[in-house]
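Notes to accompany the following structure.
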Amino acid sequence: QRGEPPFGLSADYRQLLEQIGYEITPIDVILLRSGLTAGEVSSMLLALELNGYIQSVPGGYIRTVSRL
């Protein structure tokens, strides 16, 4: 499909990724913005990190790709 990311982000993952900026975004801010549970966010963040969309850094996460 045209314009689809390599790991085929679902709408839920895309929405979570949109909450993470190119500056450090603390986990509590991600939780607050997403409205999801800590468990949901943790597993989704891990998947996004393993697929190269975000990077865990001291103090939170940063986005590593601009294209959704």
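The structure displayed is predicted, hence computed values, not measured ones.
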Is there a path from Val29 to Tyr61 through hydrophobic residues (I, L, V, M, F, W, Y) whose side chains come within less than 4.5 Å of each other? no

Enter the distance from Gln15:CD to Gln19:CD here, rounded to the nearest 0.5 Å. 8.0 Å

To the nearest 0.5 Å, tell me how far Glu49 CD sits from Ser56 OG. 5.0 Å

Please name the residue in the list Ile30, Ile62, Leu45 that meets the side-chain contact (heavy atoms from CB on, under 4.5 Å) test with Ile54. Leu45

Would you give the length of the straight line joining atom CZ of Arg63 to atom CD1 of Ile24, rounded to the nearest 0.5 angstrom? 16.0 Å

Look only at the side chain of Thr64 and the backbone of Gly52, and say whether a donor-acceptor pair between them is shorter than 3.5 Å. yes

Got a second to check how far Asn51's CG is from Leu46's CG, nearest 0.5 Å? 9.5 Å

Could you give the distance from CG (Asp12) to CG (Leu17), rounded to the nearest 0.5 Å? 12.5 Å

Straight-line distance of Tyr53 OH to Leu9 CG, nearest 0.5 Å: 4.0 Å

